[in-house]
Amino acid sequence: MNVRVRFAPSPTGYMHVGNVRTALFNWLFARGQGGVFILRIEDTDQQRHVEEAVEVITDGLTWIGMDWDEGPDIEGPYGPYFQSERLDLYHEHVDRLIADGGAYLCYCEAEGAAPESECHCRERHAAGDSLSPGLAVRLVNPGGRSEFDDIVGGHLSFENEQFGDYILVKSDGTPTYNFANVVDDNAMRVTHVIRGDDHVSNTPRQLMLYEKFGYERPKFAHLPQILGPDGARLSKRHGAASLTEYRDQGFLPEAFMNYLALLGWSPQGEREFMPPEELVAQFHLEDVRKSPAQFHIEKLVSLNSMYMETLEPGEKRRLASDALVKAGILDAESLGDPEMESYLDDIVEALGNRFRYGAQIVEFGAHFFADEVTIPVDLASYFAEDDVRCALAAAAESFENAPEWTEDAIESIVRGSASEAGLKAAPLIHGIRVALSGMTAGPSLFTLVRLVGPARSADRIRRALETFPAAAERK
RNA sequence: GGCCCCAUGGUCAAGUGGUGAAGACACCAGCCUUUCAAGCUGGAGACCCGGGUUCAAUCCCCGGUGGGGUCACCA
């Protein structure tokens, strides 16, 4: 039997990381099995589907590298792929159920019955009833138990009665999730339902429907939740629960996919750096853990830096410039400039593996694009000693008058200035670094000076000297 | 509260009725270096608790505790 799975988000205009992971496991499974991956938009509730919200989903999937075989933009044999366009199918199904006595009309809402009061509409069921405008439809709960073997969760069993005669079709004529889901999964020949484990208790509800329709039930795999760093279910309140935030931060899609795959699933071997093809090859639903996992960005960052090392210089530059533009540090127009491009290449090269994801260029490299830097006051001590100040001033002057501007030349200026002042090179080097970048860490000092340039370097050194007067001059 | 699920270092996560209980990220220390990062070397750190079953339980069973999910005319 050919594997067919679906990712069925509702168009909220927001790609939750947990949903992305659900999509990923569906995709990995489908690709690994040579199956079909369907994208279905569950927009029964929103009166009309907002095109933009669908784009958020398709853009997100595409960015991370997932493709689908059937979906809103790719017609397949079982479309349409918007639930809002499948109303006839649902109505046809519900009428069949009503006719069979498997469902009945509910007049509560229409007659303004108190919401808390029990529904007795089941007793009003009459032969010949059919779906009618303004009336909701409820399932006749068959009682008994619903059981199934979840690929991840193992054997699960529920008392049907606890779900009552739940609503199948709302009084506005739209189907509820549990109903539409069963109809569509069956109609679309879905073989495996892979979804978040917040749906486990929906499964018995749906199973009752499969029974009533006499449909073959798909296999189920319920994925454990993704938790935030505090152990609570990952949500917007954690700040970074949306896919777009990671894209905006300049993370690489392969790294993000890799990290997400490792959340709740682990490969057989010890290798964790796994590009998409390898994930597809190794992924097995059976290896998915039952327990929820916390999303910690550190490991994502670490994986991302591994992927960064596989990038071409130009790609890294692109990542850097995107982040700089986003941060308002660079004008988009200046990007085409070949001089700027090579400057960016130089900076990225200098930063090396310190540059672990796009947005870090702003953190570590903003000073390369600034007119002046602000030095944190707690670094004032770098400018406290008289001999250092003296060497700093000398170096500044030599920078301006340097006949050539190579790292070797810079190095000899720096070392020369230090020894003339009777200093070791280190304190001078540290002072210059702080003056130029406002930081104590970074690339080789000589590279730093070279990139900042003679005039700016001299200027920043003098400014630092002014900002932080010598210890003796302070009262 | 009812129902369902989960429980190995800070996090991810292997694993077994008898183990020195993997590995990764993070962390600490040393080396290296002009700083940081990287690299190398070393280090600290875990089987939720209580009962059983067993010659032996992290692993099996029961209970508890803790966490999560779900109880809509939302999905």
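Source: prediction; values computed, not measured. Each chain gets a letter, A, B and so on, in the order its sequence line appears, and its residues count up from 1.
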Given atom CE of M15(A) and atom C1' of A75(B), what is their separation to the nearest angstrom?
15 Å

Proximity to the side chain of R354(A) - top-ranked nucleotide from A75(B), A24(B), C36(B):
C36(B)

How long is the line joining CG of L156(A) and C1' of C4(B), in whole Å?
7 Å

Polar pair under 3.5 Å, donor/acceptor by atom type, side chain N202(A), base A75(B):
yes

Any donor-acceptor N/O pair under 3.5 Å between C73(B) base and S171(A) side chain:
yes

Using a strict cut-off of less than 4.0 Å between a Lys/Arg side-chain nitrogen and an Asp/Glu carboxylate oxygen, indicate whether R450(A) and D346(A) qualify as a salt bridge.
yes

Can you run down the salt bridge (Lys or Arg N to Asp or Glu O under 4.0 Å) pairs that involve residues 285-310 of chain A, sequence neighbours left out, and say none if there aren't any?
E272(A)-K299(A)

Looking for any heavy atom pair under 4.0 Å, which part of the strands does E272(A) touch: base, sugar-phosphate only, or nothing?
base

Donor-acceptor pair, side chain of D197(A) and main chain of H222(A), under 3.5 angstrom
no

D43(A) CG to A75(B) P, in whole Å, measures 10 Å

Using atom CD of Q225(A) as one end and atom C1' of C4(B) as the other, report the distance to the nearest whole Å.
13 Å

Between A14(B) (P) and E286(A) (CD): distance, integer Å
14 Å

Please determine whether any donor N or O and acceptor N or O are separated by less than 3.5 Å between the side chain of T440(A) and the base of U35(B).
no

Pair of N/O donor and acceptor under 3.5 Å linking U33(B) base with R433(A) side chain:
no

Of the listed nucleotides (G69(B), U34(B), C12(B)), which one gets closest to any side-chain atom of Q294(A)?
C12(B)

